[in-house]
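Heads up, the thing below is written out as structure tokens.
Keep in mind the model is a prediction, meaning the values are calculated, not measured. Sequence lines set the chain letters: A, B, ... in the order given, protein chains first and strands last, and positions in each chain run from 1.
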Amino acid sequence: MSQPTPLHHPALHESGRLHANGAALYVDDIPPPKGMLVGQVIPSPVARGRIVSIDAAEAAQVPGVYAVLFARDVPGHNQVGPSFPDEPLLAEGEVHCVGQIVGLVVAEDLAACRAAAAKVRVKYEELPALLTVEQADAAGSYIGTPHFMQRGDPDVALAIAALRFNGVVETPGQDHFYLETHCALAIPGEDGTFTVHSSTQHPSEVQAKVAEVLHMPRSRVVVLSPRMGGGFGGKETQGNHYAALAALGALKTRRAVKVWLDRDEDMTQTGKRHPFRMTYEAGFSSDGMITALKARLLANGGWAADLTIPILDRSLFHADNAYFLPHVRLEGRAVRTNLPSNTAFRGFGGPQGMVLIEEIFNRAAERLGLDPAELRRRNYYGDAPRNVTQYHQEVKDNRLARIHQELMASSNYVARRAAIEKFNERSPHVKRGIGMQPVKFGISFTMSMLNQAGALVLIYSDGSVQLNHGGTEMGQGLHTKMLVVAAHELGLPPERIRVMTTATDKVPNTSATAASSGADLNGQAVRNACAVLRDRLRPVAARLLGLSVEDAHRVVFLDGHASVPGGTERVPWEKVTERAYVEQVSLSATGYYRTPDIKYDRAQGRGKPFHYFAYGAAVVEVELNGLTGEHRMLRADILHDVGDSLTPTIDRGQVEGAFVQGVGWLTCEEVIFDAKGRVLTHGPSTYKIPAVGEAPEDFHVALLDRAPQDGVIHGSKAVGEPPFMLGIAVVTALRHAVGAFGQVGREVELALPASPEALLRAVERARSAVAHGKARAG
Amino acid sequence: MDVIRFTLNGQSVEERGIAPTTTLLNYLRHRGLTGTKEGCAEGDCGACTVALLEEAPDGTGRWRAVNSCLVLLPMLQGREVVTVEGIADGDRAHPAQTAMVQNLGSQCGYCTPGVVMSLFEATYRSDLDEAWKLDDQMCGNLCRCTGYRPIRDAAKAVAGTRPRDRFLERAAVRAGQGMKLAYAAGVQRYFNPVSVGELCELLDTHPEARIVSGGTDLCLEVTKKRRELPLLISVEGVPELRRMERRPEALVLGAAASLSDVEAFTRESCPPLHRMLRYFASRQIKNRGTLGGNVCNASPIGDTPPVLLALGASVTLRRSSGTRTVPLDAFFLDYRKTALQAGEFLESVTIPSIPAGARAAAYKVSRRRELDISAVAAGFFVVTDDAGRVTEARLAYGGMAAIPRRAAGAEAALRGQPWNEASVEKAVAALAKDFTPISDLRASAWYRATVAGNLLRGFHLETRDQHVPHLPQRPNATLHLQPSPGGQS
């Protein structure tokens, strides 16, 4: 039985069947066009150096090689960075990181590429490199301008604080480890045109960069993004390079060219989550209210700006997480180092800012001997005047208190914490810990102009529908949600609508599918396009129903039929569309949406950057082995606010997956570079994302019910990024367990990521503090 | 006979002239079977998983999930492979596929074909009788999107359901473990002998050949180091080398027995080795990797050598002129160097039965519990006399030196001492002189040294009440320490 509308109902993933039978096509699966060549990157082997000479004569002679290309071969603008012109597609004069793209070999197959690449002689004069945030900060190597936020007088507030401490938090990098590595296929067409299939979250930017590199108007370049095998931010800008290289190769050889990275190339060349180094001083009252915070957040941008500045900005926007900071001064700076250019990754700086404040709350709780969950509750945003962020945006629709109360009850936190204390008393070598963590995450691109989207809906006279929108599908279920929105607006079962491959010749000038905004922005655009078509079809349907044109506004489309409420007549949808064609009514329409009323003044640190906030909380329980530092997650409870979910099955998947990815960032994953700036963790044998055993054995995920969000598509909320930060709860839980090896009331020192080694060190410190009866002062 | 013949998705395939180091993954994708994905080409993500019909000890077949990036085409000689494109019945999806769709087990879908093929194996297994075994079955498939809950649900839905379909029927009849092959393409040659005699003869003729069994490590030389490997002689087609035998005095395990078969076989007969295999790699790797390969590889971080050393195992080496037996602690000579001579191969590993009253266990510590390389691995074996004094101690470690080896000083510190905490502390102190571990990306020297001692402490705690500690479930930490029911112990 078909339901009247698929909105707010469970649905399967729109591509699930194709995923499971192997028929889903990704860029590398597209059958090769006739005569297709492949390209392989020649990467820089040094972290910083001057290119002394390039000799590709011998390489060009390798059988099967068609071209060996360098910066001098770029006909247009040799730049692919999204914001600043500091990121050449192919290195010019200098190289700035290991893995930076110096050249491209184009040949019949990868074996020929490799043989030729081995014969390309590039001489480098190695120069001293900056690898860490501290080195770059000391050397004054910065990207962009600093960002300040201030309220009140934190110096005075610190001076009178009952509890005052300072410290340093370092957050680790993280490789995206999308299962599908970067890939692009460029096909030359007639009259100097190019079609580029790209595994990208941002087809419009790929189109722009390809056009600039080839020196042609964007109208000659069509970029298509079929589904991606995962993106997580790693394909927001990083695909630009490979698409532009494929297009450059296609221009030079007049053949189709594919550039595909193997896992090692992908992990060596592309940017990762920004590591941060944050120094702070915090003050609390004796009852655990934070009174003051001064912090300096330094982001390691890598060699090029990429999206570093908006990522840094978002870390400052989230240094409060869910808490009201009465007196606060934040400074954010990004440093330029000789590492691969770090880039967008789910959370986009938010996770780093939140780790800072959560570390501060954990330390305060340990020092004050308070339950960390209770300490957090006391500090939540509340009623005025405790409802304004450090960037002076009012926190509206605050759901923190409700979520806290419901989750603490459903997870049975208090009783379990007591049971854990009992367990720990009689377990000398294995300790358990529990941690609670709220999340408040701002939704909108903080660069306000990006908050726009378009759609194009085509109805054929047989009643079938094609849906185009500007968003890309990377697994997050955006296409499924857009299908639901369109089906609801047109009153059709979803099977009658096809979501088309995202393409720049369908919807122009799109923003990246990023910032969790895909469904919010594109959903409104789809809805608007469908509304235009519905309004055009109403008079047609009215006539078929034997009504006067004045009654056309009463026509509704539901369940594949047009009717009027209370009426007995129904006309099938395809009769209406067929008739519309006969009556010469246009059956295609575009839709457009922009988020109203958001703006931010970065120089003043003041404004309303976010349309609204998403909320959630998690309770995590862990068990830690004090002899090896190994731990496992026994249970996780999550309550997350997605408004009135467009598709609850999809949203649940986003919450679960993001949480485990966040846990991975802070536990088993670790990006390791050597002293020469070479990444040592360039495959899954060395870089360990969570496997099935890392997922909590007992996993309870609930979506907050009765929670419509005003001003968002059908009362829903963005979901892609916010639950990532629920993973930070694992740190609080682990600190609890580590602390149990020492004396009650002692502070825990735990480095991130909390690998077995980091945990064992923390346990040993906790134990030695007991043995020597000393505690760290600070 | 320069033709490779096998069955792919029910159809006979013949290939000539193709390089013998072509991986099954690359072959499939070039054929247009792009459902099978490359995620890493090192056996660590599972996106390329396919199913291979393997001969069971009783001669019938079993569908086994394997990483197609670690299978060379000649290894398929005379065998049968199915990919994600070949398991549906016309328009009717296979239950493994349906379970993934219904549970929203796919988000981006890129790991999904591999997940489906691991579920496919699970569908026909009849020994997945506990929940944690489903994690063991699925741990070789990384998923970056879902957080695994829906994949676990899909596994619960299909594991052990054994539908009466063509795959079950096919497995019920004799599988055969490959056919004889002497293959050449260009300068590369590949031999698959099917008897010990043929193998000896080939090695006499080609003493310079590389010996390959499951290929789970050797294939990395192809996919990562781009080596040509001009001459390979496979041992996996030799039935004698796959034999596993339990004698009163010892277990004799054929060098080419797959690790998943060894795991099943040792559950009762050798719990310490079984325990180590629970932490060993992934299902796909264990389905192809062999005990002989893990031993001959002589990696300092191989997982089975420490436990084998602790149990006093020996290896039987054969060549055409006869056999010799070498204690395992005389087999590892130097970094990746063994006592195997040119023309010689490992026939079997002999593990003396664990005497009643002996304490024995094995441990592995790694960054991630599943599908990871150990930072430290250990095998311990301690015998005490009636007075409770240690008469025999073998403490063996991996990850602590250039070869897997025993801790002579720590063993000496224990011998003649009571098996108690004070003696263990002396042995731990002696370990510092036994080993000077290195720091690398997996762990620091400090961590390795500390954990090496702690594992011995943990072994003591674990064997206070039970000499051979009970087997932990895979997702647990390596040590299985429970709180005492009363107060602090």
Side-chain angles (χ1 to χ4, degrees), chain A residues 12-13 15-24 26 29 31 114 177-180 227-230 262-263 423 425-430 474-477 625 627-628 630 632 649 653 656-657 659-661 668 672 680-681 683-686 688-689 691-695 697 699 755-757 760, chain B residues 32 34-35 39-42 44-45 47 84-85 88 93 97 100-101 104 106-113 116 135 138-139 142 144-152 226 365 367-373 441 443-444 447 450-451 454 457-458 474-479 481 483-484 487-489:
Chain A
L12 300 180
H13 193 288
S15 286
R17 189 176 51 85
L18 300 179
H19 293 154
N21 66 20
Y26 303 78
D29 301 335
R114 288 189 191 112
F177 208 88
Y178 26 64
L179 263 287
E180 179 213 24
R227 63 178 61 76
M228 280 164 273
D262 68 26
R263 179 61 63 186
F423 174 93
E425 272 174 30
R426 59 190 179 84
S427 176
H429 302 289
V430 173
M474 62 196 100
Q476 82 280 42
N625 184 316
L627 291 174
T628 62
E630 298 164 289
R632 61 190 178 125
T649 43
E656 291 170 339
F659 170 76
V660 170
Q661 202 173 60
C668 53
I672 302 171
L680 301 177
T681 45
S685 58
T686 46
K688 311 310 277 190
I689 69 166
V692 63
E694 270 60 42
E697 292 163 37
F699 201 2
S755 62
E757 177 156 354
L760 189 63
Chain B
T34 54
C40 69
E42 59 190 37
D44 274 300
C45 80
V84 70
E85 292 97 340
Q97 295 170 315
M100 281 294 280
V101 174
L104 286 95
S106 69
Q107 286 185 18
C108 85
Y110 211 75
C111 73
T112 311
V116 163
D135 277 5
M138 301 309 298
C139 77
L142 296 181
R144 192 52 150 165
C145 296
T146 63
Y148 298 103
R149 192 273 312 159
I151 293 175
R152 275 181 173 151
R226 319 276 177 209
V365 179
R367 177 180 288 273
R368 191 174 67 193
R369 279 186 305 278
E370 303 171 304
L371 185 48
D372 199 357
I373 291 164
L441 62 92
S444 70
Y447 182 73
T450 306
V451 167
N454 283 354
R457 292 185 175 108
R474 185 185 176 110
N476 288 351
T478 196
L479 285 161
L481 302 174
S484 51
Q488 183 124 0
S489 59

- Which bit of B:Ser106 comes within less than 4.5 Å of chain A, counting heavy atoms only: side chain, backbone, both or neither? both
- Answer with side chain, backbone, both or neither: which region of B:Arg152 has an atom nearer than 4.5 Å to a non-hydrogen atom of chain A? side chain
- Where does B:Glu42 contact chain A at under 4.5 Å (heavy atoms): side chain, backbone, both or neither? side chain
- Highest number of heavy-atom pairs under 4.5 Å with chain A: which of B:Val451, B:Val116, B:Leu142, B:Ile373? B:Leu142
- Heavy-atom pairs under 4.5 Å with chain A, option from B:Gly147, B:Gly35, B:Cys108 with the top count: B:Cys108
- So which part of A:Val660 gets closer than 4.5 Å to some heavy atom of chain B, the side chain, the backbone, both or neither? side chain
- Residue selection (most heavy-atom pairs with chain A, distance under 4.5 Å) from B:Ala93, B:Gly458, B:Pro150, B:Gly109: B:Gly109
- Query: Given A:Ile689 and A:Cys668, is the side-chain contact (heavy atoms from CB on, under 4.5 Å) satisfied, shown in steps?
  - Reply: CA-CA 6 Å; A:Ile689 69 166; A:Cys668 53; 5.9 Å; no
- Task: Could you pull out the closest heavy-atom pair between A:Arg227 and A:Leu18, with the gap in Å?
- Result: NH2-CD1, 3.9 Å
- Query: Between B:Ile151, B:Leu441, B:Leu371, which has the largest tally of heavy atom pairs under 4.5 Å with chain A?
  - Reply: B:Leu441
- Message: On a heavy-atom basis, which atom in A:Pro684 and which in A:Arg263 lie closest, and how many Å separate them?
- Response: CD-CG, 3.9 Å
- Below 4.0 angstrom, N of the basic side chain to O of the carboxylate: do B:Asp372 and B:Arg367 qualify? no
- Query: Yes or no on side-chain contact (heavy atoms from CB on, under 4.5 Å) for B:Asn454 and A:Thr628, after CA distance, side-chain angles and deciding distance?
  - Reply: CA-CA 7 Å; B:Asn454 283 354; A:Thr628 62; 5.5 Å; no
- Per-residue contact mode, B:Leu104 against chain A (heavy atom under 4.5 angstrom): side chain
- Item | Selection from B:Cys139, B:Cys40, B:Ala47, B:Ala88 maximising heavy-atom pairs under 4.5 Å formed with chain A | B:Cys40
- Do the non-hydrogen side-chain atoms of A:Tyr178 and B:Cys145 ever get within less than 4.5 Å of each other? no
- Item | Partner residues of A:Arg114 under the salt bridge (Lys or Arg N to Asp or Glu O under 4.0 Å) criterion, sequence neighbours left out | none
- Under 4.5 Å from any heavy atom of chain B - which part of A:Phe699: side chain
- Query: Between B:Thr478 and chain A, which part of the residue has a heavy atom less than 4.5 Å away: side chain, backbone, both or neither?
  - Reply: both
- Item | Between A:Leu760, A:Val430, A:Leu680, the one whose heavy-atom pairs under 4.5 Å with chain B are most numerous | A:Leu760
- So what's closer than 4.5 Å to chain B heavy atoms on A:Ala24: side chain, backbone, both or neither? backbone
- Item | Side chain, backbone, both or neither of B:Ala443 within contact of chain A (heavy atoms, under 4.5 Å) | both
- Message: If we ignore hydrogens and angles and just use 3.5 Å, is the side chain of B:Glu370 paired with the main-chain N or O of A:Gly693 as donor and acceptor?
- Response: yes
- Message: Using heavy-atom distances under 4.5 Å, tell me whether A:Ile672 contacts chain B through its side chain, its backbone, both, or neither.
- Response: side chain
- Contacting region of A:Asn625 [heavy-atom separation from chain B under 4.5 Å]: side chain
- Under 4.5 Å to a heavy atom of chain B? For A:Ser15 that would be neither
- Item | Leading residue by heavy atom contact count with chain A [cutoff under 4.5 Å; candidates B:Met138, B:Arg457, B:Arg226] | B:Arg226
- Describe, in one word, how the ring planes of A:Tyr26 and B:Tyr110 are oriented to each other, choosing from parallel (under 30°), tilted (30 to 60°) and perpendicular (over 60°). perpendicular
- Query: Are side-chain heavy atoms of B:Arg369 and A:Glu694 found at a separation under 4.5 Å?
  - Reply: yes
- Beyond-backbone contact of A:His13 with A:His19, side-chain heavy atoms, under 4.5 angstrom: yes
- Query: Which residue out of A:Met474, A:Gln476, A:Glu656 racks up the most heavy-atom pairs below 4.5 Å with chain B?
  - Reply: A:Glu656
- Query: Relative to chain B, which of A:Gly22, A:Gly16, A:Ala20 shows the most heavy atom pairs under 4.5 Å?
  - Reply: A:Ala20
- Which atoms of A:Pro31 approach chain B - backbone, side chain, both or neither, heavy atom under 4.5 Å: neither
- With sequence neighbours excluded, tell me which residues meet salt bridge (Lys or Arg N to Asp or Glu O under 4.0 Å) with B:Asp44. none
- Are any of the side-chain nitrogens in A:Glu697 or A:Arg632 under 4.0 Å away from the carboxylate oxygens of its partner? yes
